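Numbers here simply count residues along the sequence, with the first being 1. Side chains are part of it too, since the values below use all heavy atoms of this structure and drop only hydrogens, waters and symmetry mates. Note that the structure is a prediction, hence the values are computed from the model and not measured.
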Amino acid sequence: MSAKGECSKHGHGHGYGHKKKLYKRLFYSLLAIIILIILTIFIIWLVLRPTKPTFTLQDATIYQLNATSPNTLSTTLQVTLSSRNPNNRIGIYYDLLQVYASYHDQQITLPSALPASYLGNNDLTLWSPFLYGTTIPVAPFVAAALSQEEDAGSIVITVMVDGKLRWKVGTWVSGHYHVYVSCPAYVAYDSRGGTWLRLQQTVGCSTDV
């Protein structure tokens, strides 16, 4: 009975050890496959070297920009923005883009959502959203700065774009990347007529991805 029991225990231990080796092999095989996939994606990424999209502010028309109380502004403007994909082999999905205007680092309009879009190789897309802000709170110095710049005859409004994009290479699509765009708009002011003039020339924007 004792010898038989020992044999039974030995057989059980041998089976457990065999399963343990099998699990290890499966684990290392799966790990090797995952590493190979990651390396392949990384190599493709290095070869293609995606270039961030370019944004251009083509037009900006201010219809209203007034200090409505000592510490608030009311703003209405329309901007025309374009974006180009400079890559030859990589597409870009814009899943979420919001545009708004700022003045002296103060947001003066509510964000306006741009439609989702896809840019193929060297494609160009165009948007012309209206931006609104009614009695938007600002720092106390902003209204005084606005009055001074109106007297000087020009003003700088910054058009901002904030959102997410994805890269597309063949059938592979990346995860989301944050895109942040800043476009300075130099707009003249006719102090005699009390009216704003349109943006005089297109402006290249700074883009961070």
Side-chain angles (χ1 to χ4, degrees), residues 26-62 75-133 136 156-187 198-199 201-209:
L26 288 173
F27 172 77
Y28 287 125
S29 297
L30 182 60
L31 183 62
I33 291 172
I34 293 172
I35 292 174
L36 181 61
I37 292 172
I38 293 173
L39 282 175
T40 301
I41 293 173
F42 181 67
I43 291 171
I44 292 173
W45 186 265
L46 286 178
V47 171
L48 295 174
R49 288 191 178 276
T51 302
K52 60 187 178 182
T54 59
F55 284 77
T56 303
L57 180 63
Q58 297 192 351
D59 189 37
T61 303
I62 300 175
T75 310
T76 303
L77 69 153
Q78 184 180 21
V79 298
T80 300
L81 283 164
S82 66
S83 178
R84 188 177 72 85
N85 175 14
N87 297 284
N88 292 322
R89 300 173 182 173
I90 301 174
I92 299 175
Y93 284 104
Y94 289 127
D95 294 323
L96 173 66
L97 291 178
Q98 292 188 322
V99 57
Y100 60 92
S102 71
Y103 175 64
H104 283 278
D105 297 323
Q106 306 276 305
Q107 183 173 336
I108 58 172
T109 69
L110 298 174
S112 178
L114 301 178
S117 57
Y118 172 74
L119 271 67
N121 306 337
N122 295 300
D123 278 354
L124 179 77
T125 190
L126 197 71
W127 305 283
S128 293
F130 279 90
L131 306 179
Y132 302 95
I136 300 294
V156 181
I157 296 289
T158 306
V159 179
M160 315 293 293
V161 182
D162 194 1
K164 295 179 180 179
L165 62 77
R166 291 176 295 158
W167 308 101
K168 182 178 183 294
V169 182
T171 58
W172 177 79
V173 179
S174 75
H176 284 108
Y177 286 79
H178 183 251
V179 57
Y180 185 78
V181 182
S182 177
C183 310
Y186 300 88
V187 183
R198 299 177 67 177
L199 184 71
Q201 61 183 11
T202 60
V203 176
C205 308
S206 64
T207 305
D208 292 320
V209 178

Counting only heavy atoms not in [X], do more than 12 fall under 6.0 Å of its [atom1]?
| X | atom1 | value |
| --- | --- | --- |
| N122 | CG | yes |
| Y180 | OH | no |
| K164 | NZ | no |

> Are W167 and V209 close enough, and set up right, to give a side chain to side chain contact (heavy atoms under 4.5 Å, CB included), and what steps lead you there?
Replying inline: CA-CA 11 Å; W167 308 101; V209 178; 4.1 Å; yes
Nearest heavy atoms of [X] and [Y], plus distance in Å:
| X | Y | answer |
| --- | --- | --- |
| S83 | L119 | O-CD2, 3.4 Å |
| L97 | G163 | CD2-CA, 4.0 Å |
| R89 | N121 | C-OD1, 3.6 Å |
| L57 | A185 | CD2-CB, 3.5 Å |

Nearest 0.5 Å, please: how far is [atom2] in [Y] from [atom1] in [X]?
| X | Y | atom1 | atom2 | answer |
| --- | --- | --- | --- | --- |
| I92 | T125 | CD1 | OG1 | 11.0 Å |
| L126 | L124 | CG | CG | 6.5 Å |
| Q107 | M160 | CD | CE | 9.0 Å |
| L26 | L30 | CG | CG | 8.5 Å |
| D95 | R166 | CG | CZ | 4.0 Å |

Between [X] and [Y] (side chain of the first, backbone of the second, donor and acceptor by atom type, cut-off under 3.5 Å), is there such a pair?
| X | Y | result |
| --- | --- | --- |
| K52 | T54 | no |
| S112 | P129 | no |
| Q78 | T80 | no |
| N85 | N87 | yes |

Indicate yes or no: at least one non-hydrogen side-chain atom of [X] is less than 4.5 angstrom from one of [Y].
| X | Y | result |
| --- | --- | --- |
| P184 | V203 | yes |
| V99 | L81 | yes |
| L96 | Y94 | no |
| Y93 | S117 | no |
| S206 | F55 | no |
| V79 | D59 | no |
| L110 | L131 | no |

> Does the pair T75 and Y103 meet the rule for a side-chain hydrogen bond (donor to acceptor under 3.5 Å, both in side chains), with working shown?
Replying inline: CA-CA 11 Å; T75 310; Y103 175 64; over 6 Å; no
> Run the side-chain hydrogen bond (donor to acceptor under 3.5 Å, both in side chains) check on D208 and H178 step by step: do they pass?
Replying inline: CA-CA 8 Å; D208 292 320; H178 183 251; over 6 Å; no
> Is there a side chain to side chain contact (heavy atoms under 4.5 Å, CB included) between I108 and I157 once you walk through the steps?
Replying inline: CA-CA 10 Å; I108 58 172; I157 296 289; 4.0 Å; yes
> With sequence neighbours excluded, what pairs up with R84 under the salt bridge (Lys or Arg N to Asp or Glu O under 4.0 Å) test?
Replying inline: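 Per chain and number, R84 pairs via salt bridge (Lys or Arg N to Asp or Glu O under 4.0 Å) with no residue.
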> What's the verdict on side chain to side chain contact (heavy atoms under 4.5 Å, CB included) for H176 and L165, showing C-alpha distance, side-chain angles and the deciding distance?
Replying inline: CA-CA 6 Å; H176 284 108; L165 62 77; over 6 Å; no
